[in-house]
Asks: 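Here it is: the structure, laid out below.
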Protein chains: 2
Amino acid sequence: MTQESSHVAPRYLTGDKAGLQEFLAKFDVFLFDCDGVLWSGDHLFPGTVETLELLRNNGKQVVFVTNNSTKSRADYRKKLEGLGIPSTVEEIFSSSYSSSIYISRILELPENKRKVYVIGESGIEQELRSENVPFIGGTDPAYRRDVTPADYKKIAAGDESIIDPEVGVVLVGLDFHMNYLKIALAYHYIKRGAVFLATNIDSTLPNSGTLFPGAGSMSAPLIMMLNKEPVALGKPSQAMMDSIEGKFKFDRSRACMVGDRANTDIRFGLEGKLGGTLGVLTGVSSKEDFVSGDVRPHAYLDKLSDLLDSE
Amino acid sequence: MTQESSHVAPRYLTGDKAGLQEFLAKFDVFLFDCDGVLWSGDHLFPGTVETLELLRNNGKQVVFVTNNSTKSRADYRKKLEGLGIPSTVEEIFSSSYSSSIYISRILELPENKRKVYVIGESGIEQELRSENVPFIGGTDPAYRRDVTPADYKKIAAGDESIIDPEVGVVLVGLDFHMNYLKIALAYHYIKRGAVFLATNIDSTLPNSGTLFPGAGSMSAPLIMMLNKEPVALGKPSQAMMDSIEGKFKFDRSRACMVGDRANTDIRFGLEGKLGGTLGVLTGVSSKEDFVSGDVRPHAYLDKLSDLLDSE
């Protein structure tokens, strides 16, 4: 046995009808991580729709909380809809949204340093636009190219044809078009004083039943070069929990976070002092992680749809 | 004052003619880091050629030791020649060369796992060819593209059209064409059991008087995703010192390492138990790093050509 964690071993609820009923009765609000819990990549897990329906039918508030910054809230609603899951934009919290809120409402930037240099996809851009935050980079094709000898000289000289003097924030999210030039520019903006933000720092992203590079992998070169950690806006950052609470005004003791990752989802719920945390084994963390790891949920299931056995 | 380092404060030799003469007399062999010492990017520092000439005229053996894996030894000789510095391929040790030696002569790979998946430029490819090591990746244009939905499925399934079952080593060096697909493939090869090697782990690369992403920044996403460090073959790894000594059979107590980075060059010399280490202030480390840092050279100069004042 290794060193004991701060709370008792999690309860295994798969197949335990009475235990499931007792657990569900404790909560009015369920916060759901999406990828690895409701689906994996483009594959919807069987029973997801029915499980969400069961919760709604029992008067539970459902909130979808995702660290995937490539999509906006509107993109996510479309994705849910496409999978047959009814939802509204207001039920959805993405790390692209919480990052935009943080920049527009919490960071106090000087008037001439309000532009954001984005490493990421269109989800971030849409949410920045929704908060009227000016930005460069992102999906702009001008940044999807090889570095040239002229770039080194211009970047070193702070030439305004490549270094925008109004950039005061670097926001790093998952970018399927990451490249050397983008990392070099982000590094130089931060060295020149820009605030270093990350939508989230998940090192991996589940897809097709395995793992691929996540948003944290985009920040990793910068963290190594700068010897500095970004302010992260996704789970487990409590900035995201605060913004969810600000919107829903729920009682934290009557809320439960459901997720597949001990170190992000479960930590997010525990540090947010929610009444409950529920792990599922359809994503990143293993049974061993949940039972013997440093961060343990209150309960865990083989899969989310095991909740259907409470009926 | 912070905690004392293991040896005394370094001697500042700029302008100290007697001190310079005394220092030079102690050594028969000078190992030179190149970028940040002899030149920066494509800019040769004034006095570099004359300083090397002075050492050669005084019977000193000169060795060029570089962590830049983008060039082969032959490329480096051409670079030196282009700058007016006479040299031979045998005087040059690059991290691409030490990596190839390590793979071909030290790693004991099973017969069906001898292929190397390369993240890096042509210097690595040339040195792997010189040791008859089979490889894929590198500068192959097939890897310089965006990731596709089909890639996720094929990689997850271990489809042999994209995952070569003979790959037993992943070698990561500086790659100006790094992208999401390359990182994803490297991750999956290592998860399938491939040995994780890095030509070097310098986080930054000096160019045009400032810093850009170095080879360590290419390994950083993998280190974060795998929670595992690569075996690094460049400075300060002693695998490189051993291969230099194997070639030159020099007396370590009569050798001096010259470099601009405390944590790589100077550490390399100190851990290799060389008689001397000499820092220069024309690259990454500052005077404060040399004087008060954890890793201190025996002596330091404003610039390499200050050695000319020994005459």
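Proteins get letters first, then strands, A, B, ... in listed order; numbering begins at 1 in each. Given the structure is predicted, the values throughout are model-derived calculations rather than measurements.
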Asks: Take Leu211(B) and Tyr187(A), measure what side chain to side chain contact (heavy atoms under 4.5 Å, CB included) needs, and give me the verdict at the end.
Replies: CA-CA 9 Å; Leu211(B) 299 176; Tyr187(A) 171 78; 3.5 Å; yes

Asks: If we define contacts as heavy-atom pairs under 4.5 Å, which of Ala157(B), Ser203(B), Pro213(B) has the most with chain A?
Replies: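 Counting heavy-atom pairs under 4.5 Å, the top option is Pro213(B).
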
Asks: Show your reasoning for whether side chain to side chain contact (heavy atoms under 4.5 Å, CB included) applies to Leu174(B) and Tyr180(A).
Replies: CA-CA 10 Å; Leu174(B) 182 55; Tyr180(A) 192 89; 3.9 Å; yes

Asks: Answer with side chain, backbone, both or neither: which region of Asn179(B) has an atom nearer than 4.5 Å to a non-hydrogen atom of chain A?
Replies: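 For Asn179(B), backbone and side chain are both near chain A.
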
Asks: Which value, rounded to the nearest 0.5 Å, describes the distance between Phe212(B) atom CZ and Leu181(A) atom CG?
Replies: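 CG of Leu181(A) is found 9.5 Å from CZ of Phe212(B).
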
Asks: May I ask you to name which of Lys191(A), Arg144(A), His188(A), Met178(A) has the most heavy-atom pairs under 4.5 Å with chain B?
Replies: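 Of the options given, most contacts go to His188(A).
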
Asks: Using 0.5 Å steps for rounding, measure from the CD1 atom of Ile223(A) to the OG atom of Ser217(B).
Replies: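 One finds 11.0 Å between CD1 of Ile223(A) and OG of Ser217(B).
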
Asks: Is Asp202(B) close to chain A through its backbone or its side chain, or both, or neither, when contacts mean heavy atoms under 4.5 Å?
Replies: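 No part of it gets close to chain A.
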
Asks: Which answer fits Asn227(A), side chain, backbone, both or neither, if we ask what part of it has an atom under 4.5 Å from a heavy atom of chain B?
Replies: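 Interface part for Asn227(A): neither.
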
Asks: Please classify the contact between Leu185(B) and chain A as side chain, backbone, both or neither, with a heavy-atom cut-off of under 4.5 Å.
Replies: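 For Leu185(B), neither part sits under 4.5 Å from chain A.
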
Asks: Looking only at heavy atoms and a cut-off of under 4.5 Å, which of Ile201(B), Asp146(B), Asp175(B), Asn207(B) has the most pairs with chain A?
Replies: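 Between Ile201(B), Asp146(B), Asp175(B), Asn207(B), the count favours Asn207(B).
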
Asks: Return the CE to CG distance between Met225(B) and Leu205(A), rounded to the nearest 0.5 Å.
Replies: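 If we round to the nearest 0.5 Å, Met225(B):CE and Leu205(A):CG are 9.0 Å apart.
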
Asks: Taking the side chain as everything from C-beta on, heavy atoms only, tell me whether Thr204(B) gets closer than 4.5 Å to Met224(A).
Replies: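 No, too far: nothing below the 4.5 Å cut-off.
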
